[in-house]
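What follows is a set of notes on a single structure, which appears directly below.
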Amino acid sequence: QVQLVESGGGLVQAGGSLRLSCPASGPTFNRNAMGWFRQAPGKEREFVATINWNGATTAHADSVKGRFTISRNNAKNTVYLQMNSLKPEDTAVYYCAGTSGPLVATSAGAYRYWGQGTQVTVSS
């Protein structure tokens, strides 16, 4: 069983930066791909970024490419999302998620473990 707890969300002005962290408990974290998703009010949950088990492969949604970066530190059992040049449309609850396999995945259905979410609000 993997437990995920996101932190680092908050209120920031447009153009600012935030870094989300997601420490994971459980024996299989270092073998699992991880991802970040977000859900804005009235919208469906959408893919943001994913990283494979050892951090060698990543993928980002087109809407955040060049602004957001996913990374992981397996020694600390933690995955991160660095968010720069934030825009009001990035406002959402951000969720950390874990798969049960090593490869990157962009579909929410591929993820077995989910955190409780952290709110990110970007003011204009």
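All values reported here derive from a predicted model rather than from experimental measurement.
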Distance-minimising heavy-atom pair for [X] and [Y]:
| X | Y | result |
| --- | --- | --- |
| Met34 | Leu4 | CE-CD2, 3.8 Å |
| Gly115 | Tyr95 | O-CD2, 3.6 Å |
| Ala105 | Ala110 | CB-CB, 3.6 Å |
| Ser124 | Ala14 | CA-CB, 4.4 Å |

Under a 3.5 Å distance rule, please check whether [X] uses its side chain to pair with a backbone N or O of [Y] as donor and acceptor.
| X | Y | value |
| --- | --- | --- |
| His60 | Ile70 | yes |
| Glu6 | Gln116 | yes |
| Ser85 | Arg67 | no |
| Thr78 | Lys76 | yes |
| Gln82 | Thr69 | no |

Practice task
With side chain to side chain contact (heavy atoms under 4.5 Å, CB included) as the test, would you mind laying out the steps for Asn84 and Phe68 before giving the verdict?
Solution key: CA-CA 6 Å; Asn84 299 328; Phe68 291 11; over 6 Å; no
I'd like to check [X] versus [Y] (side-chain heavy atoms, cut-off strictly below 4.5 Å). Are they in contact?
| X | Y | result |
| --- | --- | --- |
| Thr91 | Glu89 | no |
| Trp53 | Asn30 | no |
| Cys96 | Val79 | yes |
| Leu20 | Val120 | yes |
| Trp36 | Cys22 | yes |
| Thr121 | Val12 | no |

Could you list the residues that satisfy side chain to side chain contact (heavy atoms under 4.5 Å, CB included) with [X], not counting sequence neighbours?
| X | result |
| --- | --- |
| Ser71 | Tyr80 |
| Thr57 | Asn52, Val104 |
| Ala75 | Asn73 |

Problem - Pairs involving residues 28-39, ordered by first then second residue, that meet salt bridge (Lys or Arg N to Asp or Glu O under 4.0 Å) (sequence neighbours left out) - result: Arg38-Glu46, Arg38-Asp90
Practice task
Using the salt bridge (Lys or Arg N to Asp or Glu O under 4.0 Å) rule, collect all pairs that involve residues 12-21, keeping only residues at least two apart or in two chains.
Solution key: none
Handout entry: Same cluster (ILVMFWY, side-chain, under 4.5 Å), Leu86 and Val64
Key = yes
Handout entry: Nearest-0.5 Å distance that lies between atom CG in Leu81 and atom CD1 in Ile51
Key = 10.5 Å
Practice task
Evaluate the criterion side chain to side chain contact (heavy atoms under 4.5 Å, CB included) for residue pair Tyr94 and Gln119; output intermediate values, then yes/no.
Solution key: CA-CA 6 Å; Tyr94 283 72; Gln119 177 70 47; over 6 Å; no
Handout entry: Arg45 to Trp114 six-membered ring, cation-pi geometry met (6.0 Å, 45°)
Key = yes
Practice task
Not counting sequence neighbours, list each pair that qualifies as a side-chain hydrogen bond (donor to acceptor under 3.5 Å, both in side chains) and has a residue in residues 99-112.
Solution key: Thr50-Tyr111
